[in-house]
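Whatever order the structure lists them in is the order used to number ligands and atoms, beginning at 1. Since we're looking at a predicted model, the values are computed, not measured.
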Amino acid sequence: MTIPEILERKRDGHAHSKLELETLIGGYVAGCVPDYQIAAWLMAVYLNGMTPLETALLTQVMAESGDTLDLSSLPSTVDKHSTGGVGDKTSLVLAPMLAACGLTVAKMSGRGLAHTGGTIDKLESIPGWNAQLGEDAFLKQAREIGLVLVGQSKNLAPADGLLYALRDVTATVPSVALIASSIMSKKLASGSKTIVLDVKVGAGAFMKTIDDARQLARAMLEIGFNSGRNTRAVLTDMETPLGRMAGNALEVWEALETLHNRGETDLRDLCLALAEEALLAEGFSPSDALSVPRQALESGAALAKFRAFVAAQGGDSSYVDDPTKLGIAAGREVITASQDGFLERLDALSIGKAVLALGGGRLQKGELIDRSVGVEMHAKIGAALKIGQSVLTLYHNAGRGLEEARAALVGAIGISSQPVQPKPLILERIAL
Ligand code: URA
């Protein structure tokens, strides 16, 4: 079958066979199928979807597009992945926290995707930190430190690396099949036994409704279960950004504040809840699953793990102890409350788009990003505000993208004259 014939099948709403997927994805990884054909196929998948079987086959083909790691010699291997949100720096806190609890976190993360940030882009704000490790170095670090974090590479899930970069700039991200296969192919290739999925729902997430988020969670849980992985999913709110900062270096700064026990409570609470899931899955008692991660954070053990991890991957670990060294854009613009009242809405999608406009994400494949820009949020939902009080600060470089960022933020802030009760952050825990 030719590539145009495979594209026709998805365009016309048919389900692909494994052979078709191998031909298409294998050809793309080998460099024989160009971006424009894959972009057309991604849009057809976005519009017509995939059956659960097709999604599972696509995941398998993507996971097997490179090496698959065998972590069976390592103790308690756990992995966590978010479906993508604004200000979601959870992995930066959770991964060292789990490692400090004695688990092994050997993880493959992504870059920014559409209006959401990515762990690899964030970590690259630390000078010298390197996302590309060979298999031997990956396993050695997992064994010695209990924490290693890499991006997709030529060896690990290369198909996801290529598809991810193309989806980022072709408006084809919010598809259950494409998100499930992207995330689970990385999880299967990197080999952890326990997988905790943070499925975001709301304005700033790719799944806007709880029903769509449940469908995505179930698709990933089924793939995990059928591959013999102990997989759990937590649905969490993404109507409003997580924590206080959105933007690459700013989020590393905030994650470090949390590791230093100085951070926002929503970020800390979410990390503790996800850690609890991971520890329960690993057989800890319910009370230990609550107390052990808390202790790891409060004692500084999680911070020490993060420091060792940064150094092991070539990063300058002095930044871990002095986050003010992180390069933050010098330009500032403050957006203030237009009336007295209570903060009712701080729209995560608008804030994500503002970061993108300032240069913090990509509009074209492979584009260089500006890690120093972003948005700081001075108030959480429910906060009492006075007219003129700061609500947001935009960090920009010489005004670059500032006008577009301002435009993205029109209508992003809602203030009610009545007191507002914030929504819970953890919405649902899902198991098969
Ligand atoms: N994270 C991923 O790795 N892939 C997606 O498609 C979305 C979030």
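Applying the ring-ring contact (aromatic ring centres under 6.0 Å, His included) test to every pair with at least one member in residues 182-215, sequence neighbours left out, gives these pairs: His115-Phe206.
Per-residue contacts place Arg167 under 4.0 angstrom from the following atoms of ligand 1 (heavy atoms of the residue considered): 5 (C), 6 (O).
With a 4.0 Å heavy-atom cut-off, ligand 1 is reached by the backbone of Ser82 but not by any atom from C-beta on.
When all heavy atoms are compared, the tightest approach of Asp121 to Asn248 is CB-OD1, 3.4 Å. Pairing each heavy atom of Trp253 with each of Met245, the nearest pair is CZ3-CE, 3.3 Å.
Other residues, nucleotides and ligands place more than 12 heavy atoms under 6.0 Å from the NZ atom of Lys365.
The shell of residues lying under 4.0 angstrom from ligand 1, judged by heavy atoms, includes Ser182.
Of the polar atoms of Thr83, none of the N or O atoms is found under 3.5 Å from an N or O of ligand 1, judged by distance alone. For Lys186, a nitrogen or oxygen atom sits less than 3.5 Å from a nitrogen or oxygen atom of ligand 1, counting backbone and side chain alike. Between Tyr164 and ligand 1, no N or O atom pair is found at a separation short of 3.5 Å.
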Please list every donor-acceptor pair under 3.5 Å in which a side-chain atom of residues 90-98 meets a protein atom from a residue at least two apart or in another chain.
residue: Thr90; atom: OG1; partner: Asp88; partner atom: OD1; Å: 2.4
residue: Ser91; atom: OG; partner: Lys80; partner atom: NZ; Å: 3.0

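When atom types are taken as modelled, the side chain of Thr116 and the backbone of Gly84 share no donor-acceptor pair closer than 3.5 angstrom.
The protein heavy atom nearest to atom 7 (C) of ligand 1 is Leu113 CD2, 3.5 Å.
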